[in-house]
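Step one of this worksheet: look at the structure below.
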Amino acid sequence: MLMIVEPGQTFSCNDATNQIAPCLNYIIGQGGDAPPTECCNGVRALVSSVPTTPDRRAACECLKGAAVGFPAIKDDLANSLFKKCGVSVEFSISKDINCQT
């Protein structure tokens, strides 16, 4: 799935959490050794939808808020998710991340 963001389109936290939803079993340690394909597709779609620094900060805050709601998230798996999906971003899924840096 490829998501194209048109100029002027704003970031949607609801869309972001839906894109990352297929990753939940993986980041709570119930999804095997690697994230599933649909998870990585969602990760790539999320990253492509946040081209600017303000968008990336909004996504970071969104995922931070989502992480708080799932105490079973394993930090090591969540922190390595983007890298395991072959995506380079400045944030991860963590309730403790500072999204302003």
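In this text, all values refer to a predicted model and were calculated from it rather than measured experimentally.
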List in chain and number order the residues that pass ring-ring contact (aromatic ring centres under 6.0 Å, His included) with Tyr26, two or more places apart in sequence or in another chain; answer none if no residue qualifies. none
Same cluster or not: are Leu77 and Val68 linked, directly or through other Ile, Leu, Val, Met, Phe, Trp or Tyr residues, by side-chain heavy atoms under 4.5 angstrom apart? no
Indicate the atoms forming the closest heavy-atom contact of Ala59 with Leu46, along with that distance. CB-CD1, 4.4 Å
Apply side chain to side chain contact (heavy atoms under 4.5 Å, CB included) to Cys40 and list each qualifying residue two or more places apart in sequence or on a separate chain. Pro35, Arg44, Cys85
When rounded to the nearest 0.5 angstrom, what is the spacing between CD1 in Ile28 and SG in Cys23? 12.0 Å
Flag the pair Asp15 / Ser49 as yes when at least one side-chain heavy-atom distance between them is below 4.5 Å, and no otherwise. no
Please give me the minimum heavy-atom distance between Cys99 and Arg57, naming the atom from each residue. O-CG, 3.2 Å
Pairing residues for Thr52 by the side-chain hydrogen bond (donor to acceptor under 3.5 Å, both in side chains) criterion, not counting sequence neighbours: Asp55
By side chain to side chain contact (heavy atoms under 4.5 Å, CB included) - contacts of Ala67 (at least two apart): Ile73, Ile93, Lys95
Name all pairs fulfilling the ring pair (Phe, Tyr, Trp, His ring centres under 6.0 Å) condition that reach into residues 63-87, sequence neighbours left out, sorted by first residue then second. Phe82-Phe91
Sequence neighbours excluded - side-chain hydrogen bond (donor to acceptor under 3.5 Å, both in side chains) pairs with any residue from residues 62-83: Asn79-Ser92
Pairing residues for Asn98 by the side chain to side chain contact (heavy atoms under 4.5 Å, CB included) criterion, not counting sequence neighbours: Gln100, Thr101
Got a sec, which pairs hit ring pair (Phe, Tyr, Trp, His ring centres under 6.0 Å) with one end in residues 32-59, sequence neighbours left out? none
Nearest heavy-atom neighbours spanning Cys39 and Leu81: SG-CD1, 3.6 Å
